[in-house]
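Naming convention: chains lettered A, B, ... in sequence-line order (proteins, then strands); numbering from 1 in each chain.
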Protein chains: 2
Amino acid sequence: METRELRYFVAVAEELHFGRAAARLGMAQPPLSRAISQLERRLGVDLLRRTSRSVTLTEAGTVLLREGRAALGAVEAAERRTRRASQSQGLVLVSKAGAAGELLPKMLDAYAAEPHAVPVEVVLCGAGQQEALLRDGRADVALLHLPFDSTAGLDTEELTTESQVLVMPAGHEFSTRASVRMSDLAELPMPRWPELDGTYLPGPGPEVHDATQLLQLIALGRAVTVLPESVRTSLHGGLTTVPVLDAPLVTTVIAWPPHSRSLALAGLIQAATRL
Amino acid sequence: METRELRYFVAVAEELHFGRAAARLGMAQPPLSRAISQLERRLGVDLLRRTSRSVTLTEAGTVLLREGRAALGAVEAAERRTRRASQSQGLVLVSKAGAAGELLPKMLDAYAAEPHAVPVEVVLCGAGQQEALLRDGRADVALLHLPFDSTAGLDTEELTTESQVLVMPAGHEFSTRASVRMSDLAELPMPRWPELDGTYLPGPGPEVHDATQLLQLIALGRAVTVLPESVRTSLHGGLTTVPVLDAPLVTTVIAWPPHSRSLALAGLIQAATRL
DNA sequence: GGCGGCGATACCGTGGGGGTATGGAAACCC
DNA sequence: GGGTTTCCATACCCCCACGGTATCGCCGCC
């Protein structure tokens, strides 16, 4: 199977429409139709059910969509990492914007003090995107937060575990309490983060896309949220926190793609775990 | 990058010889040379250092060899899993030949008793091959033994942990002792298992390639070995065991490729962990 | 029943991948 | 040191497969 065929199939499987898929691929529709039929014939498997009105995935097509995306990611990763290996031998670290406030600078300082340290570029991204960045080679190492982020298919090392606190404006009804419980918060509208595709699930809370925006909304009294306690060091005035007793513990882990233990990466991981 | 280019590059990088690589690929040498140069030009990266006498990998070439193998594995996996999804919806479980003697049948029985169980095909392979089989889609799930097998890039669930015993012929000098230590065994020639490429590292012990052969050699007095204690249930007469106090504990885990939680697989994993 | 949307089919042109023949550099050998 | 061998690169050619345009066939809809 060639990556071209995979790209074609993934486009069609995502659009469920040959015309739109062809447009997305920058080609005409007939060659795309043919390419998919050829792929089906070569695999000996029906991937799509076409009526002249609609296209749906078969069981096998669903599998190939999932596996094909992963395979394309791996190919792109190979390309990116090769390119990067030829130029800079620095590392790219990715973390959620606004997360890991304290830990990150400490880690970078500790690593930079090492004898053979290489430059570390820090990329901040939206929640849940780190895995994709690692997978397709745009990043070498990530900071993830369990249990929110998935570590499927990554090697990890635990760094810290912390409890969570409710973040709210100073005058909030809970601001004078010594602690709260999750059940106290059930009625409060929680801000909604974007899904992987950039859209928002429906719900009562405001839509946010980064931490600064979130903290502003909280300061404005439009939202409250539950965050790891380390955020307290980076809160400006006007915001206050109380512990949430039964919120899940948040573990920060450093994660990297398996089989990629370059010397530089090993050094960074070691520096991080020694903190 | 097309998989064809990747296959070409991997072949050349492994052979370090354009002529042999071309033969392996079933093509002539000149088009192969050209394809590699094109790849280098497109990536903007030198992958190989050629003198007219020898070919060596550059730094970037080393990266692409590693990443390219993984990417090709992912593509093959996509193909195989798609094919399998269209026919049988059974599972393929892979384990080292001779290992997991007790656990495996129990697990399969427990799973078969479940309401929606699908057929499970059991494949036995040499040590260290399970990961490759999982990765390229020939297997869905594997039994691995820590700390010997690598679980890099796999999702796992621990099943059992056991200590190890020395296996030897009945009349062996250690057979009357209550226990031994690793230091007692330092002088004994241990059998050598094949590496990933099927070759053997040099050393004093006999070369073995499966468990039956190993046990026969032990019965013949030509070798002794250290194995997880569960092997005791499958030893025939003439062999005996004593505990090795300070041998590493062996943990049997069930492992599967990330992102592949089909219903059937989830059921099998659940049945296994409930044992 | 005419129309519009969509996927499949028919047919054509071209670019690129693969072939053979040959060049050119470096090691080896007597 | 010149001939020989070895090995990768270049030159040239051919053909197939990929992509484009035109068109058909099917089906829902107004």
Does a side-chain N or O of B/Q38 approach OP1 or OP2 of C/dG17 to a distance below 4.0 Å, or not? yes

Give the C-alpha distance, both sets of side-chain angles, the deciding distance and a yes or no for side chain to side chain contact (heavy atoms under 4.5 Å, CB included) between A/L6 and B/T3. CA-CA 10 Å; A/L6 267 183; B/T3 58; over 6 Å; no

Would you indicate which nucleotide in C/dG7, C/dG19, D/dA9 comes nearest to any side-chain atom of B/P31? C/dG19

Whole angstrom is fine here: how far is it from CG in B/L16 over to C1' in D/dC8? 14 Å

Salt-bridge present (A/E67, B/R80; N to O < 4.0 Å): no

Candidates C/dG18, C/dT20, C/dG7 - which lies nearest the side chain of B/P30: C/dT20

From CG of B/L39 over to P of C/dG18, roughly how many Å is that when rounded to an integer? 13 Å

Heavy-atom donor-acceptor pair, A/R34 side-chain to D/dG19 base, under 3.5 Å: yes

Worked check of side chain to side chain contact (heavy atoms under 4.5 Å, CB included) between A/L32 and A/M27: CA-CA 8 Å; A/L32 180 58; A/M27 65 187 291; 4.2 Å; yes

In whole angstroms, the gap separating P of D/dC27 from CZ of A/R49 amounts to 17 Å

Write down the distance between CG (A/L32) and C1' (D/dC18), rounded to a whole number of angstrom. 12 Å

Report the distance from atom CZ of B/R41 to atom P of D/dT10, rounded to the nearest whole Å. 9 Å

Could you pick out which residue, A/A28 or B/R50, lies toward the 5' side of DNA chain D when each is mapped onto its nearest nucleotide? B/R50

Nearest whole Å is fine: how far is C/dG7 C1' from A/R20 CZ? 13 Å

Rounded off to whole Å, could you give me the CD-to-P distance for the A/Q29 and D/dG19 pair? 14 Å

Once you round it to whole Å, what is the distance between P of D/dG19 and CG of A/L25? 10 Å

Is the shortest distance from a Lys or Arg side-chain nitrogen in A/E14 or A/R69 to a carboxylate oxygen in the other one below 4.0 Å? yes

Is B/S33 near enough to D/dA9 that one of its side-chain N or O atoms lies under 4.0 angstrom from OP1 or OP2? yes

With no hydrogens and no angle check, just 3.5 Å: does a side-chain donor-acceptor pair link A/E157 and A/T273? no

Suppose we call a contact any N or O donor and acceptor under 3.5 Å apart; does that hold for the side chain of B/R4 and the base of C/dG17? no

